Every structure is written in C-alpha cells, then in structure tokens.
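Since the structure comes first, as structure tokens, the remarks are kept for the end.
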Amino acid sequence: MPIDQAAEFDAQPRFRYGARPVPLLGLFRACHPAPAMVVAVLATALTALSGRGATGCALAGLAVLSGQLSVGWCNDRVDLRRDIAAGRADKPLVTGDIRPAAVSVAAGVALAACVPFSLGYGLLAGTVHLVGVAAAWSYNLGVKATVASWLPYAIGFGLLPAAVTLGLPGHPWPAAWAVLAGALLGVGAHAANVLPDIEADTSAGVRGLPQRLGRRRTRVLAVCALFSASAVLVFGPAGPVGAAGWAALAFAASLSGYAVAAPGSGAGGRTPFLAAMAIAVVDVALLLLRGATLA
Ligand SMILES: CC(C)=CCC/C(C)=C/CC/C(C)=C/COP(=O)(O)OP(=O)(O)O
C-alpha cells in the first residue's frame, strides 16, 4: 500500500482496534521484547561479572531494561504509518491490539523511569547510559532513514561497557577492545535486523544504510561486523587466547561462511539472518567470558 493511503487505512476503527484486541499482550509485543530482554540481561550479567553487588546489578538491569522498553515502544509508535503501509502484520499497533496513545504513554513512562535507575547506578555511568538511550531514540526519530542509520547502534552498544565499568569503585573506563567489540556488535545487529525487511522498508521510503546497500551487501556487512566483533573479543584482552577462544572463533568463522554463501531467497531465505544471529550469540558469549576484565 502506498504511504499516502496509510493515513486513510489508519483511520478505519475496525482496522485499528481489532475485534478482540489484547492490550497487555499488544503492549508487550510492541516493546520489541526479545532484544530488550537480551540487552538488559547482558548488561546485568556484565555488571555482576565486573564485581558490583546485588543493588548495583538490580539498578543496572532496571536502567537498561527501562531504556530498551522506551526505545522499543517509541520505535513502533513512530513507525506506525510506515508499518501500516508495509502491511506489517507482526506489529500489534498495525493489527489493532494496542492503541497508539497507550504505546506513547508507555514509552514516556519507561524513559522517565530510566533516568533515576541510570543515575542511581552511578552519576557518570548513568549519564553515559542515557547518551546511548538518546542515540537509540534519535534512530527512531529519523536517523534510521539516513545513511548514518548504523551510528546510533554503534554508539548505544559501544557505550554499554562504559555504562557498566564507570559505576565500579574508582569509575574506570572500559578497555578499548570492549568498546570496539560493542560498537561492531551494534552495527552487525542493525544490519542483521534490517535484512529480512529491506524490500518493505525501501517501498515505505526508509533509506538507511542497509536499504541503500541492498540485500546482498547488507548480509556481508552484518557478517563482517559480527565476525570482527568475535575477533576483537578473542584477541583484544591481554593474555593467551585459550582453547575456548580459538573454538569460538572457528565456530564464528564457519557461521560467517555459511551466512555469506547461503541462498538469500526462496525456502532458505531466512538462513543468512539466522546465521548472523548465531554469530551475535557467539559474540555475546565471548563478551560474558571476558566480563571480569572489561575495565
Ligand atoms: C544499548 C543501547 C542503548 C542500544 C540501542 C541502539 C538502538 C539504535 C536500538 C534500536 C532498537 C530498535 C527498537 C530497533 C528497531 O529497528 P527497526 O525499526 O529498524 O526494525 P523493526 O522493523 O523490527 O521495528
């Protein structure tokens, strides 16, 4: 559906508020629950591994969770017109399971909660986290449709290690390898996340970096960024690489080869996306393995 017909479509009450809307489930689905949980659990685990006590871990977890929820809700709310135009039946706002106003309020409340949780974890650490959240909101509010669409991801994920370590006694900055790995992981996650929606996004007028590169080159970008993150996480920290490091690198390399070579359309069309996600899982595991040496 052309974007100019979307407003008319949006105005149809039966479409917007389906016969049996399930508001709480709709609200839950609109927050991008899977990535929000993964990022919050990752941040909490890194906080625990770096030695902060239970209160610090709880504050870090709540700060990152509320930040991610705000970003997820804001994203679906801002994208409503485009998602309708693209016929995104996976979006609860499009199917009418939740009202736009409820999602706007939820995004605002989550963002407001994120501020005290972040600053409660640590003044400097919290400020750094809020910069990452602001970068993510900038993505939602327009940067996603520009050639710099990767930048908010690089900033948000690159700053995550600093948002953890600056809350430790002495407020140490993280090691350079941790920042670089986070940024690469963010860029790879962006490219992989957009991969399945490139055509729909392009026809809705979203021209971020992946849509400009096209399906094939975006796949290569996702794999290069995610595999580079693996390499940085294996070779970056001081000390021997160890058997686990070599094994993870070999596994990430074979997944990378598979992701690049797999057919991008037809029955196996989602294979490159799934293989890229598997490399991201290896990266997260490596990050957790190095969690005690972030600073
Ligand atoms: C740690 C931290 C603060 C990082 C955040 C970085 C960041 C830019 C996150 C955006 C997350 C998000 C809701 C993407 C949806 O993208 P989309 O609209 O392209 O995809 P969709 O069609 O699946 O909604």
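Numbering of ligands and ligand atoms starts at 1, following listing order. This one's a predicted model, so the numbers in the text were calculated from it and none came from an experiment.
- Considering backbone and side-chain N/O of His32, one or more are found under 3.5 Å from N/O of ligand 1.
- A donor-acceptor pair under 3.5 Å is formed between the side chain of Arg290 and the backbone N or O of Val234.
- By the rule that hydrophobic residues join a cluster once side-chain heavy atoms approach within less than 4.5 Å of another member, Ile155 and Tyr139 end up as members of separate clusters.
- Checked by distance only, ligand 1 and Asn140 stay at 3.5 Å or farther apart across all their nitrogen or oxygen atoms.
- Side chain to side chain, Thr47 and Arg52 fail the donor-acceptor criterion of an N or O pair below 3.5 Å.
- Only the side chain of Lys91 comes within 4.0 Å of ligand 1, judged by heavy-atom distances.
- Residues Leu65 and Leu49 do not share a hydrophobic cluster, clusters being chains of Ile/Leu/Val/Met/Phe/Trp/Tyr side chains in contact below 4.5 Å.
- Within ligand 1, the atoms closer than 4.0 Å to a non-hydrogen atom of Asp79 are 18 (O), numbered from 1 in the order shown.
- Of the protein's non-hydrogen atoms, the one nearest atom 14 (C) of ligand 1 is Tyr153 OH, 3.2 Å.
- Of the protein's non-hydrogen atoms, Asn75 ND2, 3.5 Å is the one closest to atom 15 (C) of ligand 1.
- Each of the atoms 4 (C), 6 (C) of ligand 1 lies under 4.0 Å from some heavy atom of Phe157.
- By the criterion of a heavy-atom distance under 4.0 Å, the side chain of Gln68, and not its backbone, is placed next to ligand 1.
- Near Gly132, meaning under 4.0 Å from any of its heavy atoms, are these atoms of ligand 1: 3 (C).
- Under the 3.5 Å distance criterion, the side-chain polar atoms of Arg82 are left unmatched by any main-chain donor or acceptor of Asp201.
- Put simply, the side chain of Arg29 gets close to the backbone of Asp90: a donor and an acceptor are under 3.5 Å apart.
- In terms of protein heavy-atom proximity, atom 19 (O) of ligand 1 is closest to Tyr139 OH, 2.6 Å.
- Scanning all protein heavy atoms for the shortest distance to atom 7 (C) of ligand 1 gives Ala136 CB, 3.7 Å.
- The Lys144 neighbourhood of ligand 1 comprises atoms 17 (P), 18 (O), 19 (O), with distances under 4.0 Å to a heavy atom of that residue.
- Residue contacts with ligand 1 for His190 are absent, since no atom lies close enough (heavy atoms, distance under 4.0 Å).
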Test side-chain contact (heavy atoms from CB on, under 4.5 Å) on Leu111 and Trp73; report intermediate values, then the result.
CA-CA 10 Å; Leu111 185 62; Trp73 278 319; over 6 Å; no
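- No more than 12 heavy-atom neighbours from other residues, nucleotides or ligands sit within 6.0 angstrom of CZ on Phe28.
- Side chain of Thr95 to backbone of Pro92: a donor-acceptor contact under 3.5 angstrom is found.
- Heavy atoms of Arg88 come nearer than 4.0 angstrom to ligand 1 in at least one pair.
- If you look at Asn193 next to ligand 1, the close heavy atoms, those under 4.0 Å, all belong to the side chain.
- Although no hydrogens or angles enter the test, the distance criterion places a donor-acceptor pair under 3.5 Å between the side chain of Tyr121 and the main chain of Val164.
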